[in-house]
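What follows is a set of notes on a single structure, which appears directly below.
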Amino acid sequence: MKTKTFSLAVVILGLMLVHATSPVFSQTRPEYIPLGGGVKGVLYRPDSNPAPQVAVIIIHRTSNYLQHAGCTQLSQRGLLVLCMNSRFDNNEALVNWELIALDVKRGVDYLKTTQKISKIVLFGHSGGGPTTTYYQAVAQKGPSYCQGPNKITQCASTGANSVAGLTPADGIILADAHPGNTVNALRAINPSVREGQDKEVVGVNADNGPIDPVKRLDPFDPANGYNPNGDSNYSQKFQRSYTAAQSDRMNDWINQALHIRALMAQGLWRFPDNDSIIIARGGGSQAGGGDGANLFVPDVDILCCTANPQKLLKNDGSIVTEIVKSVRLPNPAVAEGNEEFDGGTKNLTVTSFLSANAIRSTDSMDYAQIDWCSTNNSTPCALQNITVPILVTAMGAHYFHVDAEQFYQNYSVSTDKELVIFAGLTHGITPCTTCPGGPYTNQATNYWNYLFNWISTRFGT
């Protein structure tokens, strides 16, 4: 009897939840769209606009965006939204970056040919920023954008993987976009790993002793400014040594991977096509980077503030122009995860490392010392080739607002561009409940309203 009563209660509760949430789902009417080539899509139609002329594409490199908040938030406001997963969803080791433009193409072509949409806006959240800007740069400039002797990896202009003839989108929104998975990997790599221990030794008779970090470069040594119980404080001297050493270690891995690639091409490697790359304390392979050794995660004074006054949208909907300081909190807990295989190690292949996790530089944090166009996974490089309207948005409880300022001021060549930072929003576009300066309870609504107004003003609905 108790079991039957409990089961009935569960059924009733389930019906109540379905009833409570049904207005959202009836309004957006999500429809699964198999786009081919391993690419998945879910189409969200707006009931309030039965004949939409404007559509938004939401896509990431590897994350599952089929139920991204923007899917419902923007469709509820009257826009058609196609939320997509690339062929590489949930698997960084599978990524062959240059091919991702063809995945975005499937969505654009579907909206143009099947849905007869006249205007398309690309929405790039986090790693979706490099994804959408790469597509748009190639669409506007052609394959020459993603080819050249300086490129670590190149796109194809002929054959089945050709990226020629892409249809450009009409606008781009960057939502706390980062400068590239490549740069995230650079900023996350721990340079205190000794050269002799920076090897992949697996299989029969493998012998891998514990890593003994170089003390002067150990970001989790209290002697260098690390605080396991709060905000760390790294000296300028340590920061300069550390960020230069990050570039050195990344460049060493690039050279090694290129060496393997060359030997494979000559038939002199154990496999003819690809091989594994395991980078200890390189940050996790999952979207978001896992437990990296980024100095600005435990020390929030690094990447704290914009260099110049920028628009800050506050919880009451007002906008002020001021130097914007992040309200994010420090996270010293990454120290433990950085040592581990699961959260702190890059488990990639030669292809996925070189195409989506590698960039040349001499200092990981100095924009002037990063070779932005040595990779095709680079928001700053792409923005220099994109002329359509662009809205750059950043979250005030994260650290990509500093990169957003760079995108807006120094890299975007669009004549219709705007930067807005949203106070108290986290990287996931949700309000921070523990950050100073709150509450930020209205900010998610403010965010999606702002985006809808920007789109509808320029393109209609």
Side-chain angles (χ1 to χ4, degrees), residues 39 53-61 82 84 86 97-113 117-125 127-159 161-175 177-182 355-356 359 371-393 403-404 406-419 454-455 458-460:
V39 183
Q53 296 301 304
V54 179
V56 178
I57 287 179
I58 300 178
I59 189 171
H60 189 270
R61 179 188 70 264
L82 179 62
M84 297 176 58
S86 80
W97 173 254
E98 278 71 22
L99 300 182
I100 207 165
L102 301 178
D103 294 0
V104 180
K105 177 183 186 296
R106 290 179 182 272
V108 172
D109 290 351
Y110 168 78
L111 290 173
K112 288 288 187 180
T113 59
I117 292 296
S118 60
K119 300 291 183 181
I120 295 176
V121 177
L122 302 178
F123 177 91
H125 178 203
T131 302
T132 54
T133 55
Y134 167 60
Y135 172 87
Q136 186 69 15
V138 178
Q140 289 197 219
K141 294 294 185 178
S144 63
Y145 166 76
C146 46
Q147 297 174 336
N150 185 51
K151 299 289 189 181
I152 298 173
T153 58
Q154 301 185 53
C155 64
S157 54
T158 59
N161 294 330
S162 172
V163 296
L166 304 180
T167 301
D170 301 283
I172 293 181
I173 295 174
L174 297 182
H178 57 62
N181 194 53
T182 52
S355 69
I359 188 169
D371 187 353
W372 291 107
C373 290
S374 64
T375 174
N376 288 316
N377 187 301
S378 169
T379 305
C381 184
L383 287 174
Q384 298 173 69
N385 297 273
I386 296 172
T387 57
V388 298
I390 181 167
L391 173 62
V392 182
T393 67
D403 294 297
Q406 288 277 358
F407 302 161
Y408 170 72
Q409 288 191 166
N410 300 323
Y411 291 92
S412 174
V413 296
S414 173
T415 57
D416 182 359
K417 60 182 179 179
E418 182 181 1
L419 168 62
W454 185 88
I455 293 171
R458 285 161 178 76
F459 308 111

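Computation of the quantities below employed the complete heavy-atom set of this structure, encompassing side-chain atoms and omitting hydrogens, waters and symmetry-equivalent molecules.
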Considering only distance and modelled atom types, tabulate donor-acceptor pairs under 3.5 Å from the side chains of residues 378-390, sequence neighbours left out.
from	atom 1	to	atom 2	distance (Å)
Ser378	OG	Trp372	O	2.9
Ser378	OG	Cys381	N	3.2
Thr379	OG1	His178	O	2.9
Gln384	NE2	Pro380	O	3.1
Asn385	ND2	Cys381	O	3.0
Thr387	OG1	Gln140	NE2	2.9

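- Using a 4.5 Å heavy-atom threshold, the side chains of Thr167 and Tyr135 count as touching.
- Between the CD1 atom in Ile359 and the OG atom in Ser374 there is a gap of 4.5 Å [rounded to 0.5 Å].
- Under the salt bridge (charged side-chain N to carboxylate O under 4.0 Å, His left out) criterion, Lys105 pairs with Asp109, not counting sequence neighbours.
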Q) Do Ile173 and Val56 pass the side-chain contact (heavy atoms from CB on, under 4.5 Å) test, and can you show the C-alpha distance, the side-chain angles, and the key distance before you say yes or no? A) CA-CA 10 Å; Ile173 295 174; Val56 178; over 6 Å; no
Show, in sequence, the C-alpha distance, side-chain angles and deciding distance for Glu418 and Val392, and conclude whether the side-chain contact (heavy atoms from CB on, under 4.5 Å) test is met. CA-CA 6 Å; Glu418 182 181 1; Val392 182; over 6 Å; no
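- Looking at Ser412, its side chain never comes within 3.5 Å of a backbone N or O of Tyr408 through a donor-acceptor pair.
- For Glu98 and Thr153, the side-chain atoms include at least one donor-acceptor pair closer than 3.5 Å.
- The minimum heavy-atom distance linking Ala164 with Ser157 is given by the pair CB-O, 4.3 Å.
- The structure places CZ of Arg106 at 9.0 Å from CE of Met84, a figure rounded to the nearest 0.5 Å.
- In terms of modelled atom types and a separation under 3.5 Å, the side chain of Asn377 and the main chain of Asn181 share a donor-acceptor contact.
- No side-chain donor-acceptor contact under 3.5 Å links Tyr145 to the backbone of Ala139.
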* Asked: Tyr134 and Cys155: side-chain contact (heavy atoms from CB on, under 4.5 Å), yes or no, with the steps?
  -> CA-CA 11 Å; Tyr134 167 60; Cys155 64; 3.9 Å; yes
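- In this structure, Gly180 and Pro130 approach most closely via the heavy-atom pair CA-CG, 3.7 Å.
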- Would you check, one step at a time, whether the test side-chain contact (heavy atoms from CB on, under 4.5 Å) holds for Thr132 with Leu174? CA-CA 9 Å; Thr132 54; Leu174 297 182; 4.2 Å; yes
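- We find the CD-CD1 distance between Gln53 and Ile120 to be 11.5 Å, quoted to the nearest 0.5 Å.
- Side-chain atoms of Asn376 come within 3.5 Å of backbone N or O of Cys146 as a donor-acceptor pair.
- Val104 places a side-chain heavy atom less than 4.5 Å from the side chain of Ile59.
- Taking a 6.0 Å sphere around NZ of Lys151, one finds it holds more than 12 heavy atoms contributed by other residues, nucleotides or ligands.
- The side-chain heavy atoms of Pro179 and Phe407, taken from C-beta on, include a pair separated by under 4.5 Å.
- Nearest approach of Val138 to Pro143, heavy atoms of both residues: CG1-N, 4.4 Å.
- One finds the OG1 atom of Thr131 at 12.0 Å from the CD1 atom of Ile57 (value rounded to the nearest 0.5 Å).
- Scanning all heavy atoms of the two residues, the minimum distance from Trp97 to Ala356 falls at CB-CB, 4.1 Å.
- Atom-to-atom distance recorded for Leu82:CG and Leu111:CG is 5.0 Å, nearest 0.5 angstrom.
- Looking at every heavy atom in both residues, Asp170 comes nearest to Lys119 through OD2-CA, 3.2 Å.
- Contact check on Arg458 versus Asp416 returns a salt bridge, with a Lys/Arg side-chain nitrogen under 4.0 Å from an Asp/Glu carboxylate oxygen.
- For the atom pair OG of Ser86 and CD1 of Ile100, the computed distance is 4.0 Å after rounding to the nearest 0.5 Å.
- Inter-residue side-chain proximity for Val54 and Ile455 is flagged as met; some heavy-atom pair is nearer than 4.5 Å.
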